[in-house]
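I'd like to ask some things about the structure below.
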Amino acid sequence: MKRLLPYLVAGSAAFAAAACQEKLASPAECPEFCPGGGLQVQDILIDADVGGDTTYSGYIGYQQMEALLVSNSPDAGQARAFLTFPKRSDSVVVDGSTVFLDVDSIAVTLELVGRDSLMPGLKLFLYRIPPDLDSTTTVSQLDAAMTEANFIDSVIVHDTLRRGTVRAVLLPEKFVRLASLAESDSGRLGMAVRVTANEPTGARFGAVGSTLAGAPNLIRYGRVNVPDTSRVKQTSGTLAERTNYAIDIPPEPLPGRLTIGGKRASRSQIRFTIPRALRDSGVVLRATLELTPVGPIRGVPHDPATMLIRTILADLGPKSPVAVDFAAEGKVVAGETEVVRTEVLSVVTSWFGFGNPRPTTIFLGLSPEAGTFVLPEFETSRSATGRPRLRITYALPTRPGHP
Amino acid sequence: MTRALRAALALSLLAGAVEAQSSQFGIRGLGIPLRPLSVRAKATGGGFGLFDAESAINPAAIAGARFVTASFQTVQSWSRSENPVGSANVQDNRYPGVVVSGPIGGTNLALAFSVNGYTDRNFVLGSTDTLVLRDVAVEVHDTLRSQGGISDLRVAVGWRRSNALGFGVGFHLITGSNRIDSRRAFSDSKYLGASEAFTYSYLGFGLSGGVTLRVGTALTLGGVVRFDEKLRVDRDTSRVGTTDLPTTVSGGARLQVGPRVLLSGSALFRNWSVADKDLIDQGGIGSVNITEFNAGAEILTDVRRPSRRPIRLGIHHATLPFPFQVGEKTSETGVSIGTGMRFVGDRAGVDLALQRIWRKGATGFSETATLLTVGVSLRP
């Protein structure tokens with residue numbers, strides 16, 4: 001037995017090494033020689049339920065706007081931004097002591113978040129305006145306030161700058177342009193912004209509620225009288241407390257079209273009826289939402305927006321809770337006239353499954369909300385042509401493997 | 001007897017470990033039929049199966065059992081499959097039959113429990129096709145995987161009427177499952193892959209009766225008849241039908257030629273055609289009757305210690321019951337060689353069998369396989 005043991009161990013090891021490998025695939029000629037065919041793949045086009053689509057507006061206020069729009073383009077809509085800086089303190093705290101800041105220069109910064117990336121010669125113009133303007137302010141009112149007398153400064157935006165800080169620096173002789181227009185302003189400073197370029201264009205900047213970039217900032221550079229010479233140079237920044245913009249396109253969506261985006265943050269709901277048998281047994285392989293623009297999509301060229309497509313948990317109209325886990329998105333560009341096709345596989349998949357009660361409704365939104373010039377307007381379910389529709393490619397089970 | 005019962009309990013836990021052999025010839029019907037042979041019987045082409053207590057063919061073969069014996073085996077196969085669309089090398093490892101047998105003390109009876117494969121349906125098929133989706137040609141890759149098969153759990157009782165004559169009866173539980181997994185992947189990433197999976201499960205019963213008769217000093221005859229009833233077939237929780245199972249008739253002879261050579265041969269007939277209608281009703285191609293012929297020899301290298309490295313040789317030929325197409329004939333031919341040894345006072349043993357098998361169908365399907373089987377026997 002002892003003599004056999006080494007042979008047994010070696011033999012077992014060799015056998016085990018060979019036995020650990022497993023490879024089972026064989027080529028097949030289907031369906032002739034397969035026990036049942038592969039999954040049956042089919043395509044279906046489903047139009048939106050007639051009258052089941054609606055546009056709702058007013059989802060966010062100026063505090064949540066993602067960007068400030070500034071434009072001199074009729075296609076995008078004439079837009080002016082306006083903002084308010086709170087009263088600035090004349091002193092800063094250094095090492096726990098409040099000391100007077102002797103300002104020698106002031107910078108106004110705006111965070112560029114979007115522009116026509118191919119448009120050269122972009123230039124910003126800053127004006128001093130009353131600080132108490134609100135969301136009812138119009139472009140005309142702002143233009144009237146932007147006079148030569150209220151001009152603060154202008155700044156050229158470098159042609160290669162896509163995103164980042166745009167800075168206007170004022171030396172002491174221009175400080176007076178930053179003074180409050182009226183005593184009643186209590187030291188608050190209102191400011192308006194407009195743009196020019198080689199051709200009509202638009203640009204977008206960070207707002208108070210922006211998640212894309214910081215709000216406008218007013219930074220004062222100066223010196224303080226302290227013994228420590230390394231602490232003499234100090235800066236003091238003041239973020240805008242309110243930001244907003246006016247744009248000369250109708251604030252409310254026009255009837256007879258599905259609108260998403262705009263300053264009123266419109267969202268649209270589209271309802272579909274999916275055959276129950278398909279929902280119960282089908283497996284979605286691909287789903288595409290097809291939306292037909294009513295005309296060229298408004299916006300600034302080369303500065304696209306993102307269409308957000310979600311499904312909802314319950315159909316409560318404009319306040320339907322969306323299911324964030326099942327979302328899709330697609331790019332929307334200005335000037336588009338062709339059908340906008342967006343892959344919505346995860347959204348449609350969430351409707352499928354035996355007895356799945358989830359509403360077969362799509363909720364459309366635009367990102368950045370109230371922060372883009374792009375304003376898609378699509379045909380509705382009542383349109384004679386171009387109504388919203390879903391193209392679903394799906395598979396039905398074939399139960400292969402029969403004897 | 002207590003040992004035998006304990007072993008039976010252990011066997012019931014191993015019920016899923018049946019013989020399997022991935023083969024494209026297992027695609028049709030209930031799969032590729034398996035032969036419940038011991039390693040020794042495999043090495044002799046199956047010829048000794050009717051007379052071998054460690055094989056689960058003839059319940060009368062256990063009548064002469066003098067010791068409680070537990071045996072189990074593992075098989076590694078390397079095969080190459082060819083068909084009209086290509087070829088592939090396949091290899092797998094499985095754990096085929098387990099048999100525990102032993103005498104019932106104070107009687108001429110013996111009892112055996114066994115788990116063996118009845119049919120095997122392990123295969124993976126891969127294919128490529130092109131579909132036109134949304135007016136664009138899209139390449140798709142299909143994979144159909146089948147795992148599982150049907151097991152044969154047997155309880156057998158053998159009665160040694162005399163030193164020359166033995167009878168046996170076996171009760172069979174035919175059960176198992178077959179997991180089907182179908183997947184389709186698209187070359188275009190815009191399409192999500194799809195899959196479906198479900199399980200066929202099977203349940204049936206059978207009864208077998210056998211006899212062994214020694215004629216003179218050199219010749220032993222053996223025979224067995226087995227009746228299997230309807231197999232209930234469920235897909236997940238739904239009954240999809242029943243399948244008539246065949247009756248098996250087999251007979252053979254074993255001949256001692258001198259002190260060193262033992263020859264054996266057997267033939268088997270199984271009327272699988274009874275399942276034809278049921279299989280067609282379930283979407284299959286159908287089935288045909290089969291025959292099987294086995295012959296083998298065991299040559300002792302040490303007459304005083306016959307269990308010490310004997311040389312075993314065998315050959316078998318069988319037709320297969322489930323053709324690829326209606327009217328087609330499929331068959332299997334194999335040659336084998338093996339040996340074995342016992343140690344620790346013959347309380348433990350190892351047997352080896354190396355088989356080379358050729359399978360072929362009429363429509364360009366063929367397969368060659370090399371199977372290495374290692375078996376271990378223990379006498380507690």
Side-chain angles (χ1 to χ4, degrees), chain A residues 1-5 7-8 11-12 14-45 281-288 290 341 343-346 348-349 391-403, chain B residues 22 24 27-30 74 76 78 81 83-93 122-127 129 131 133-134 140 142-146 178 180 182 184 186 190-196 198 200 233 235 243 279 282-285 322 324-325 341 343-344 350 363 365 372 374:
Chain A
M1 179 62 190
K2 285 182 180 177
R3 285 163 50 199
L4 286 174
L5 196 58
Y7 296 102
L8 283 173
S12 301
F15 187 77
C20 286
Q21 301 174 40
E22 182 153 322
K23 179 173 174 286
L24 297 175
S26 297
E29 187 174 18
C30 295
E32 291 84 358
F33 295 111
C34 283
L39 288 153
Q40 187 183 349
V41 179
Q42 296 180 353
D43 223 20
I44 187 171
L45 268 172
S281 305
V283 177
V284 185
L285 306 177
R286 184 182 179 185
T288 309
E290 298 182 353
R341 293 183 172 85
E343 299 299 328
V344 290
L345 178 66
S346 65
V348 174
T349 299
R391 181 185 286 268
I392 300 175
T393 306
Y394 62 96
L396 290 175
T398 56
R399 303 291 188 196
H402 55 63
Chain B
S22 295
Q24 62 180 353
I27 293 170
R28 296 296 193 204
L30 299 176
T74 178
Q76 171 73 29
W78 298 268
S81 302
N83 60 43
V85 293
S87 60
N89 292 316
V90 177
Q91 51 187 278
D92 64 349
N93 176 250
N122 281 281
F123 61 84
V124 181
L125 298 177
S127 62
D129 198 358
L131 301 179
L133 299 173
R134 305 187 181 189
V140 297
D142 289 331
T143 306
L144 180 64
R145 173 185 285 268
S146 169
N178 187 196
I180 302 289
S182 173
R184 169 163 279 180
F186 296 82
K190 291 191 185 77
Y191 292 90
L192 186 70
S195 66
E196 62 176 313
F198 52 91
Y200 284 111
V233 184
R235 184 172 55 217
T243 303
L279 293 175
Q282 293 165 34
I285 297 296
F322 308 116
F324 285 102
Q325 287 183 310
M341 64 189 77
F343 36 85
V344 199
V350 174
T363 47
F365 285 75
L372 176 62
V374 179

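The structure presented is a predicted model; accordingly, all values stated were derived computationally and were not measured. Letters go in sequence order (proteins before strands), and every chain restarts at 1.
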| So A:Val284 and B:Leu192, side-chain contact (heavy atoms from CB on, under 4.5 Å) or not? Walk me through it. | CA-CA 7 Å; A:Val284 185; B:Leu192 186 70; over 6 Å; no

| Is it the side chain or the backbone of B:Phe198 that comes within 4.5 Å of chain A heavy atoms, both, or neither? | side chain

| note | Rounding to 0.5 Å, atoms CD1 (B:Ile285) and CZ (B:Phe322) come to a distance of 12.5 Å

| Verdict with reasoning, A:Arg391 to A:Glu290, per salt bridge (charged side-chain N to carboxylate O under 4.0 Å, His left out) | CA-CA 8 Å; A:Arg391 181 185 286 268; A:Glu290 298 182 353; 3.4 Å; yes

| query | In terms of side-chain heavy atoms, does B:Asp142 have a donor or acceptor partner in B:Ser182 at a distance below 3.5 Å? | reply | no

| field | B:Arg184 side chain to A:Ala395 backbone, donor-acceptor under 3.5 Å | value | no

| task | Count the heavy-atom pairs under 4.5 Å between each of A:Val283, A:Val41, A:Leu345 and chain B, then report the option with the highest count. | result | A:Val41

| field | Interchain contact, B:Tyr200 with chain A, by part (heavy-atom threshold 4.5 Å) | value | side chain

| Which bit of B:Thr243 is near chain A, if near means a heavy-atom gap under 4.5 Å: side chain, backbone, both or neither? | neither

| request: Measure distances from B:Arg134 to the heavy atoms of chain A and classify the residue's part below 4.5 Å as side chain, backbone, both or neither. | output: both

| said: Heavy-atom cut-off 4.5 Å, strictly under: side chain, backbone, both or neither for A:Leu285 against chain B? | reply: both

